[in-house]
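One structure is given here, and the rest of the page talks about it.
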Amino acid sequence: MNNSIMYNFSDKLKDKFINELFEFIKIPSISADSKYTKEVHKTALWVEKALKKVGCNKTKIFKTKGHPIVFGEQIIDPKLKTVLVYGHYDVQPPDPIELWDSNPFDPIIKKTTLHPEGAIFGRGSCDDKGQVFMHFKALELMNLNGLLNCNVKFMIEGEEEVGSDNLELFVKKNKNLLKNDIILISDTSIISNVQPSITTGLRGLSYMEVLVEGAKRDLHSGLYGGAVLNPIHVLTKMISKLHDSDNKITIPRFYEEVIPIRKKDREKISLIPFNLNNYKSELNINEVSGEIGYSTLERSSIRPTLDVNGIWGGYTGEGAKTIIPSKAHAKISMRLVPNQNWKKISKGFEDHFKNLAPKGVKVTVKTHHGAAPFTSPLGSAGYTAAKKAYTKSFGVEPIDQKDGGSIPIVPVFEEILNSRVILMGFGLNSDAIHSPNEHFGLFNFFKGIETIILFYKYYSEKNKN
């Protein structure tokens, strides 16, 4: 077998891969909006076809109560180790559309300061279509060059951006189909294009929606102003009480199960390359904020948080309409750290939020979804292979890094399938995922393919029978 790895991509091959990724991005697979259900299902068909093209000899689309799950596999020898690749083909809504510099579903390549070779701009370019597609192309190249020495399975879902509600049941029902030795996921980031990192932890999540109701209808602000409670006023006051003066969350017992941060862990974080001035400049802000006593990197990775994700109510159209609205709404998310139970946190939030309400309004609290925190052990065969792969492809040893985001299904995978998850991301925090002008660097895309191929090489060598 030829053990060399393709480090250089010809212009023809690059153009081919980019054009195929453009096709993928062009389909608006917005899982959160029912108006796009047909497009989401269309994307599942596209994914299945793509898996067949790159070498999967068995593929299937599984229906769920929500959006489909696409499965594919290439088994070259049942005696060999099996890698299960997980990713998602659904994307976040592109709103607000007016803040995009180009059509979010008509991808283009533009050069930027951080991406002098160019970056693909479009919704899903990084999260997660671009990163999923790296795995497709890695398999294709391994097949073309006789490099594949593991069995490969793919499970690509269409509901990650709305909480993966149906995936856990699917995994439980299909444990034999999904049986593997290691799970590989690219849905995270690296520190920079000159300093790679391996994500060794994820925060958990609790996602809530609240409703404050006053009068039975919108009221004339001249006739009723000053005499009745305004639900928007009430809601904003309640939200303001969710943090204290030190920016700590005020929910009773919220921190009760949080494990104290070890000194050596804080020292490791302090060694991560980080320039606060560059951070503020990139975000166009004058100052950072957060829990007193912690650095910016600590606040955004290893400490729990609470944020308002959206707030609405009353009249927001053109011109004026003098009313006291009857309802006010907000969506609130909490990022959780190891040992916090998202269901307990959600119940604690509900009780606390209702207790903050004054008499005269009705408060409804809804739990949308949640996720447990995840920590990956160091030193496993998968971790070692990933570390060697990053070191070889980037020429620099990767740094272990905790990620502030959440992938709801990751801890569930380890529990149900009894196999380790390795997070090999290639995006940058500046890639504007979930925001207007999301993008993914061409360097990152092709470097990701190269590093994934190297992972298979080192993992199979480590696990030769």
Side-chain angles (χ1 to χ4, degrees), residues 1-10 12-21 23-24 46-57 59 70-76 80-89 120 125-126 128-156 180-190 196 198 382 385-394 398 421-427 440-463:
M1 178 181 287
N2 176 11
N3 287 320
S4 65
I5 299 293
M6 289 184 60
Y7 293 113
N8 298 312
F9 296 88
S10 68
K12 184 177 180 181
L13 192 63
K14 283 185 175 182
D15 289 342
K16 173 182 177 293
F17 285 5
I18 292 169
N19 288 334
E20 290 171 343
L21 179 53
E23 289 180 20
F24 196 10
W46 191 97
V47 170
E48 184 191 29
K49 185 177 179 181
L51 288 175
K52 289 178 179 177
K53 282 183 178 180
V54 299
C56 288
N57 45 34
T59 63
V70 186
F71 175 81
E73 68 177 17
Q74 184 176 354
I75 306 297
I76 59 175
L80 294 176
K81 296 292 183 180
T82 298
V83 177
L84 173 63
V85 177
Y86 163 79
H88 63 94
Y89 63 82
I120 300 171
S125 56
C126 180
D128 186 37
K129 289 181 176 179
Q131 298 211 66
V132 162
F133 201 60
M134 295 183 308
H135 290 272
F136 294 6
K137 298 297 100 176
L139 178 60
E140 179 178 339
L141 290 177
M142 286 189 287
N143 279 323
L144 287 173
N145 292 276
L147 300 175
L148 185 61
N149 40 25
C150 290
N151 302 312
V152 186
K153 295 180 180 179
F154 291 88
M155 178 174 56
I156 315 299
N180 66 84
D181 296 288
I182 194 166
I183 302 169
L184 197 57
I185 301 175
S186 295
D187 196 10
T188 51
S189 60
I190 53 176
I198 299 177
K387 190 171 184 177
K388 289 179 69 175
Y390 277 110
T391 302
K392 180 68 174 178
S393 62
F394 282 83
V421 171
I422 301 297
L423 300 168
M424 293 183 67
F426 296 92
F440 190 38
L442 294 178
F443 170 87
N444 305 73
F445 175 64
F446 290 107
K447 185 63 69 174
I449 296 171
E450 176 188 320
T451 309
I452 291 165
I453 293 173
L454 284 164
F455 171 85
Y456 279 89
K457 169 182 167 63
Y458 295 130
Y459 182 68
S460 61
E461 289 176 353
K462 183 79 174 178
N463 290 283

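We're numbering straight along the sequence, starting at 1. This is a predicted model, so every value here is computed, not measured.
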Is it true that a side-chain atom of [X] and a backbone atom of [Y] form a donor plus acceptor pair closer than 3.5 Å?
X: N180; Y: V83; result: no
X: S125; Y: G130; result: no
X: K447; Y: S393; result: yes

(request) Tell me yes or no: between the side chains of E461 and N149, is some donor less than 3.5 Å from an acceptor? (result) no
(message) Tell me whether the rings of F445 and F440 are parallel (<30°), tilted (30 to 60°) or perpendicular (>60°).
(response)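 Rings of F445 and F440: perpendicular, over 60°.
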Measure the spacing between [atom1] of [X] and [atom2] of [Y] and express it to the nearest 0.5 Å.
X: I182; Y: Y459; atom1: CD1; atom2: OH; result: 4.5 Å
X: S189; Y: N444; atom1: OG; atom2: CG; result: 10.0 Å
X: N151; Y: S460; atom1: CG; atom2: OG; result: 11.0 Å
X: M142; Y: L147; atom1: CE; atom2: CG; result: 7.5 Å
X: L454; Y: K388; atom1: CG; atom2: NZ; result: 10.0 Å
X: L51; Y: E73; atom1: CG; atom2: CD; result: 11.0 Å

(message) Pair M155, V85 - check side chain to side chain contact (heavy atoms under 4.5 Å, CB included), show working.
(response) CA-CA 6 Å; M155 178 174 56; V85 177; over 6 Å; no
Do the side chains of [Y] and [X] get nearer than 4.5 Å, heavy atoms only?
X: L423; Y: I198; answer: no
X: L13; Y: L141; answer: yes
X: Y89; Y: V70; answer: yes
X: I75; Y: K153; answer: yes
X: L139; Y: Y456; answer: no
X: F71; Y: V47; answer: no
X: L21; Y: I120; answer: yes

(message) When you measure from the centre of the six-membered ring of F24, is the NZ or CZ of K129 closer than 6.0 Å and no more than 45° off the axis?
(response)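 K129 over F24 ring: yes.
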Identify the heavy atoms of [X] and [Y] that sit nearest to each other, and give their distance.
X: G55; Y: N143; answer: CA-ND2, 3.8 Å
X: M134; Y: G448; answer: SD-CA, 3.6 Å
X: G382; Y: F455; answer: O-CE1, 3.4 Å
X: I156; Y: V132; answer: CD1-CG1, 4.2 Å
X: G72; Y: C56; answer: C-SG, 4.0 Å
X: T391; Y: P398; answer: OG1-CD, 3.2 Å

(message) Regarding K16 and E140, does a basic nitrogen lie under 4.0 Å from an acidic carboxylate oxygen?
(response)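 So K16 pairs with E140 through a salt bridge.
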(message) Taking K53 first and then E20, would you say they form a salt bridge - that is, a charged N and a carboxylate O separated by under 4.0 Å?
(response)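 No, no charged N to carboxylate O under 4.0 Å.
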(message) Under the rule for side-chain hydrogen bond (donor to acceptor under 3.5 Å, both in side chains), what residues qualify as partners of D128, not counting sequence neighbours?
(response) none
(request) Start with the C-alpha gap between F443 and F426, add the side-chain angles, then the distance that decides, and say whether ring-ring contact (aromatic ring centres under 6.0 Å, His included) holds. (result) CA-CA 9 Å; F443 170 87; F426 296 92; 9.7 Å; no
(request) Test V421 against every option in L184, I183, L84 by the side-chain contact (heavy atoms from CB on, under 4.5 Å) rule and name the one that passes. (result)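 The option that passes is I183.
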(message) If the condition is side chain to side chain contact (heavy atoms under 4.5 Å, CB included), which residues does A50 pass it with, not counting sequence neighbours?
(response) W46, F136
